[in-house]
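Counting convention: from 1, in listed order, for ligands and their atoms alike.
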Amino acid sequence: MGTITNKSKAKAEIELLRSQLHEHNHLYYNLAKPIISDKEFDLMMKELESLESKFPEFYDELSPTKRPGGDPVDGFSKVRHTTPMLSLSNTYAESEVEDWMARVDKGLEGEEVEYVMELKYDGVAISLVYKEGRLLRAITRGDGETGEDITANVKTINTIPLILKNDFPSKLEIRGEIFYPFEHFNALNDLREEEGEPRFANPRNTAAGSLKLQDSREVAKRKLDCMMYGVIAKGVSETHSEAVSLAGSWGFKIPSSVTKMISTSSDVGGVMNFISFWEEGRHNLPFAIDGVVIKVNRYDQQERLGLTSKSPRWAISFKFETERVRTKLKEITYQVGRTGAVTPVANLEPVQLGGTTVKRASLHNADQIERLGLIVGDFVFVEKGGEIIPKVVGVDESVRAVANDLFSPTSSTFPTHCLECGTELVREEGEAAHYCPNKSSCPPQVQGRIVHFISRKAMNIDGLGAETVIQLVEVGLVTDPSSLYELKAEDILPLERMAKKSVEKLLAGIEASKSVPFERVLFGLGIRYVGETVAKKLARYFGSLDAIMQADKESLLEVDEIGDRIADSVISYFADERNKQLVRRLREANLQLKIQDVEGATNKLEGASIVVSGLFEKYDRVGIKGLIELHGGKVSSSISKKTSFVVAGDKMGPSKREKAEKLGVEIISEDELLSKIS
Ligand code: IVH
């Protein structure tokens, strides 16, 4: 009896905490009006987490505790949209807007029309399907007819409600745009730079890439955002603008009419006012827009106007021109990266563009300089487009500077020698970029490799940052990653900004890195094209650095997802005597150069490709997958003819079950899996 009341008390408590946390989430993220402190929020979350772990029977995949991700991304299965996701026809001038309005008037036989104007968010379209107020599925646009199920990743976006509130329709689909706010996008790029990884080019593509990541916890960290722009439901309202405000009451982030992010008008003047307001105002927004969308507000009128094959007749977009400014090219400098690639950079007379002051712009490579026929002193056009790093797109031909050899950097005047170390540059067959081949002592290359080696995802050396690395390289104390392990306190203490405490911390960090697992050491080497995931795959497949060094191309190609480009890069890396020497020294320093023997590991599932679906009793999904890998099996996300068997738990996805049955793939339970490996 006691346990039953305990249980029902716990259930009530869990339910209350969940609904309160959903509400606080909405107040904080969508309305920016929190009524409790972050600390109180965290405490409630902790309490809920602890109750949920004590009472796993009340599991809910839509609990606020699931926001930080962690649910394995279960492939990205294809899903058909119930209503196709159309695109919009574009306009670029007032006259085109007027023409469209005239067509609308004609289509509605002169009936009065109200238009609603919204921003055109520059991100990725998403369809959010809710049933009985619970988020069922989040699907990408795909080809408009069929998209991909990215629910696990979308669930991590705080501005998307998992559970709806107030008077929501039982069947609801919300259309919206997922985008990357500048603030978080820039922070991500700064972090990447710190870790020696290239910056992402623009928020839209990065948002799209983030949504396809395999680990939803990584998606959660990206801090994406979502604004809704469409409601598909029966009989909730007569107009689009009303539906939008209702969606706000259900818990969605909606554009505010107070800040003029949504507005209505019945004439072209009002519409054009909205457009000019945002053509200017877009630079002060915390996210990117690429135009304005104009829609007929009344649903019955929308229906009467209907659709063409690609887009509705009741809506159009007005696209802003990519902003372009003209400024003087003062100088071209050349930057040498970690890999030795030399990038020309245009140094400009400072100019305002897209809300920021631009002083430098990318010129990509010698070919582009030649194509543009640039001469220092020219007036050039600079664009930002979707990208954050501006680029030079053309030359103002009407005021050309006078060319002379010194100031016209064509490919014949592209530096022949590295400006950092004086080594003659090389340009490989078919490659656009020039490289400095002096891998071992060109300062930005040496520094860049070490900064990469110590970065968070590689050796994660506490107490050592990029600035200190530069200092250590400059004074000659460090020449490659292995020399970090030879550093002594008395060598570093005399350096600028080095106190006893910081030296101790640095040395302790270096010491601790000796137990960093092999796969991260491998990633830290900075072999071209061997990122985090590839490093993991190579490490697991070969088990040790020795085995990878001895592998020929054929065996490298056997590794899942490794193709010619990566295999060639690995082989050429280890063919280089300097890299062999580096490995020898890292071995002497006692770094982990092979996979640790894991207790309990067997090869009972070797060669098996296994799909995991549903919820389990004894393990969570991550646990089940870990178990499979521990026993030599390979976890795969989608069922195919090659699948050995599917481990199915409670609530296995029906489409997965269907596919397994169709292909005759065996479905086993958690217990059956456990007995296979016991
Ligand atoms: S309405 C029937 N409203 O623009 C078309 N779309 O070219 C429904 N977009 O893929 C679209 N902001 O992802 C609409 N306020 C807005 C929008 C918007 C951005 C995107 C949307 C769509 C594309 C259409």
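- Two residues are said to be in side-chain contact when any heavy atoms from C-beta on lie closer than 4.5 Å; Ile163 and Arg134 meet this criterion.
- The option from Lys310, Met261, Glu177 that lies nearest to atom 9 (N) of ligand 1, judged by heavy atoms, is Glu177.
- For the ligand labelled ligand 1, residue Met85 lies outside the 4.0 Å heavy-atom shell.
- Residue Pro312 has at least one heavy-atom neighbour below 4.0 Å for each of these atoms of ligand 1: 2 (C).
- Using a 4.0 Å cut-off between heavy atoms, Leu119 contacts ligand 1 through its backbone alone, with no side-chain atom that close.
- In this structure, Val124 falls outside the shell of residues with a heavy atom less than 4.0 angstrom from ligand 1.
- Under the side-chain contact (heavy atoms from CB on, under 4.5 Å) test applied with Ile160, the options Asn25, Val154, Asp225 reduce to a single match, Val154.
- Taking a cut-off of under 4.0 Å to the non-hydrogen atoms of Glu118, the atoms of ligand 1 that pass are 3 (N), 15 (N), 16 (C).
- Scanning all protein heavy atoms for the shortest distance to atom 3 (N) of ligand 1 gives Lys295 NZ, 3.0 Å.
- Using cut-offs of 30° and 60° for the angle between ring planes, the His240 and Tyr299 rings count as perpendicular.
- Side-chain contact between Trp250 and Val231: present, with at least one pair of heavy atoms (C-beta onward) separated by less than 4.5 Å.
- With Arg67 contributing its side chain and Ile157 its backbone, the two residues share a donor-acceptor pair below 3.5 Å.
- Both the backbone and the side chain of Lys120 come within contact range of ligand 1, each with a heavy atom under 4.0 Å.
- Close approach of ligand 1 to Ala125 is summarised as follows: ligand atoms under 4.0 Å from at least one heavy atom of the residue are 10 (O), 13 (O).
- For a threshold of 3.5 Å applied to N or O pairs, the pair formed by Tyr121 and ligand 1 contains at least one separation below that value.
- Closest heavy-atom contact between Glu321 and Glu279: N-OE2, 4.3 Å.
- Within the structure, ligand 1 lacks Gly230 among the residues with a heavy atom less than 4.0 angstrom away.
- By the 6.0 Å and 45° rule, Lys212 stacks over the aromatic ring of Phe76.
- Residue Tyr229 holds the heavy atom nearest to atom 22 (C) of ligand 1 of all those in Tyr229, Trp314, Phe179.
- Contacts with ligand 1 closer than 4.0 Å are made by side-chain heavy atoms of Val293 only, the backbone lying farther away.
- For the pair Arg175 and Tyr229, the minimum side-chain heavy-atom distance is below 4.5 Å.
- Under the 3.5 Å distance criterion, the side-chain polar atoms of Arg324 are left unmatched by any main-chain donor or acceptor of Phe381.
- Not one N or O of Leu86 is nearer than 3.5 Å to an N or O of ligand 1, by distance alone.
- Residue Val380 forms a side-chain contact (heavy atoms from CB on, under 4.5 Å) with just one option from Leu372, Leu348, Val393, and that option is Leu348.
- Atom 7 (O) of ligand 1 has as its closest protein heavy atom Leu88 N, 3.2 Å.
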